[in-house]
2 protein chains.
Amino acid sequence: MVTSVDGDVLKVLADPLRMQIVRLLAREALCTTHLVEETGAKQTNLSNHLRALRDAGLVDTEPCGRFTYYSLRPEAIAALAAELAGLAATAREASAAGRRRSC
Amino acid sequence: MVTSVDGDVLKVLADPLRMQIVRLLAREALCTTHLVEETGAKQTNLSNHLRALRDAGLVDTEPCGRFTYYSLRPEAIAALAAELAGLAATAREASAAGRRRSC
DNA sequence: GTAACGTATCAGCCCATGGTGACGTCAGTC
DNA sequence: GACTGACGTCACCATGGGCTGATACGTTAC
């Protein structure tokens, strides 16, 4: 299949807290301390979610002294957006053509 | 916030079987029987997932005798794609400007 | 060195959710 | 009417994954 929407990325983004992190990181790079303040979540919890985001290739980390800056990787999000847009285009086309499999 | 990526839609799409259903429905409208053949999943299981997709506004149903046709709603997918694209654009801009919060 | 701080890892609990079987409902066929 | 096939709903079980506390590690300040 040409466009295989990455299930892992979707699963990672499906969590509300991780989505909130992604939204915050889209605006500016932050370190864990900031995210604790912004989200109100425990540091341990955030560290787990950040690891999930890192493993999925959604964020980059940059150590800075004893801090660690997290920043969003626009390509990852853009790739997912493009794949979904392609899916939507296919569906629109199929819908316009009234394509359906007979029973 | 202007763009609030719908967490429900993401959560629904995060399931691999549901994503497979969405991909199949993007090409043509199908009824449950077809989906059972294509996916190999149990009818009951599919019915549950289809309900989730319907509740999330991702698919439309159209009764046809004793069959039920399911079709993808392109708008729902397109809206999600657009929101994600917006997020990616914001992130790209922030990254280019080197925006980061000081510790 | 020691203390304080930022961050990561681990083990455990608990809840949400996917899968399944039994059953009910509705439409078409005889 | 009785039967069959298409779908949906419900109750149950099992697994996954999110949250937490304890703890470890590395860095900076004193």
Side-chain angles (χ1 to χ4, degrees), chain A residues 5-25 28-72 100-103, chain B residues 5-25 28-72 100-103:
Chain A
V5 177
D6 192 335
D8 288 347
V9 174
L10 274 171
K11 211 152 85 175
V12 166
L13 286 180
D15 184 88
L17 180 50
R18 282 198 289 258
M19 196 62 212
Q20 190 183 355
I21 295 172
V22 166
R23 282 207 208 92
L24 290 168
L25 292 182
E28 53 181 343
L30 299 169
C31 42
T32 314
T33 313
H34 298 138
L35 290 169
V36 169
E37 292 171 7
E38 294 282 349
T39 64
K42 297 279 172 69
Q43 180 267 324
T44 303
N45 191 14
L46 278 175
S47 183
N48 285 330
H49 284 298
L50 286 168
R51 180 151 60 99
L53 288 167
R54 201 183 331 130
D55 289 349
L58 281 170
V59 302
D60 270 337
T61 64
E62 185 192 344
C64 173
R66 58 179 164 177
F67 303 97
T68 305
Y69 273 102
Y70 283 88
S71 57
L72 196 60
R100 63 164 55 190
R101 190 181 303 184
S102 62
C103 290
Chain B
V5 178
D6 194 334
D8 289 348
V9 174
L10 273 171
K11 213 154 84 175
V12 167
L13 287 180
D15 185 86
L17 180 51
R18 283 197 290 258
M19 196 61 212
Q20 190 182 356
I21 296 173
V22 166
R23 281 207 209 93
L24 290 168
L25 291 182
E28 55 182 343
L30 299 169
C31 43
T32 314
T33 313
H34 298 138
L35 290 170
V36 170
E37 292 170 7
E38 294 281 348
T39 64
K42 297 277 171 70
Q43 180 269 324
T44 304
N45 191 12
L46 278 174
S47 183
N48 285 330
H49 284 299
L50 286 168
R51 180 151 60 100
L53 288 167
R54 202 182 330 129
D55 289 349
L58 281 170
V59 302
D60 270 338
T61 65
E62 185 193 345
C64 174
R66 57 179 162 173
F67 302 97
T68 307
Y69 273 102
Y70 283 88
S71 57
L72 195 60
R100 64 164 55 189
R101 190 181 302 185
S102 62
C103 288

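All chains are named by letter (A, B, ...) in the order of the sequence lines, taking the proteins before the strands, and each is independently numbered beginning at 1.
When heavy atoms are screened at a 4.0 angstrom cut-off, A:T32 is found touching the sugar-phosphate backbone but no base atom. B:D15 comes within 4.0 angstrom of sugar-phosphate atoms only, judged by non-hydrogen atoms across all strands, and of no base. Residue A:C103 is out of contact with every strand shown, counting any heavy-atom pair closer than 4.0 Å.
Atom CG of A:D8 is separated from atom P of D:dG16 by 15 Å (rounded to the nearest Å). One can place CG of B:L13 at 12 Å from P of C:dG18, the figure rounded to the nearest angstrom. Here C:dT9 presents its P atom at 14 Å from CG of A:N45, a figure rounded to the nearest Å. Taking atom CG of A:N48 as the reference point, atom P of C:dC13 lies 17 Å away to the nearest angstrom. As a whole-Å value, the separation of B:L35 CG from D:dC7 C1' is 12 Å. Between the P atom of D:dG21 and the NZ atom of A:K42 lies a distance of 4 Å, rounded to the nearest Å. Atom pair B:L46:CG and D:dT9:C1' shows a separation of 15 Å (rounding to whole Å applied).
Between A:K11 and B:Q43, the residue anchored closer to the 5' end of DNA chain D is B:Q43, taking for each the nucleotide with the nearest heavy atom.
At least one side-chain heavy atom of B:L24 sits under 4.5 Å from a side-chain heavy atom of B:T39. Side chains of B:T33 and B:E37 form a contact here, defined as non-hydrogen atoms less than 4.5 Å apart. Here the side chains of B:L50 and B:T68 are not in contact, with every heavy-atom distance at 4.5 Å or above. Side-chain contact between B:I21 and B:V59: absent, with no pair of heavy atoms (C-beta onward) separated by less than 4.5 Å. Side chains of B:L25 and B:L58 form no contact here, defined as non-hydrogen atoms less than 4.5 Å apart.
The one candidate from A:V9, A:L10, A:D15 that meets the side-chain contact (heavy atoms from CB on, under 4.5 Å) condition with A:L13 is A:V9.
Considering only side-chain atoms of B:L17, the nucleotide from D:dC19, C:dG19, D:dT9 that sits closest is C:dG19.
If you check residues 49-70 of chain A against DNA chain D, the residues with a heavy atom closer than 4.0 Å are A:H49, A:G65, A:R66, listed by number.
Between B:T33 and D:dG5 there is no side-chain polar atom (N or O) within less than 4.0 angstrom of OP1 or OP2.
In this view, B:E38 and A:R101 satisfy the side chain to side chain donor-acceptor pair (under 3.5 Å) rule, not counting sequence neighbours.
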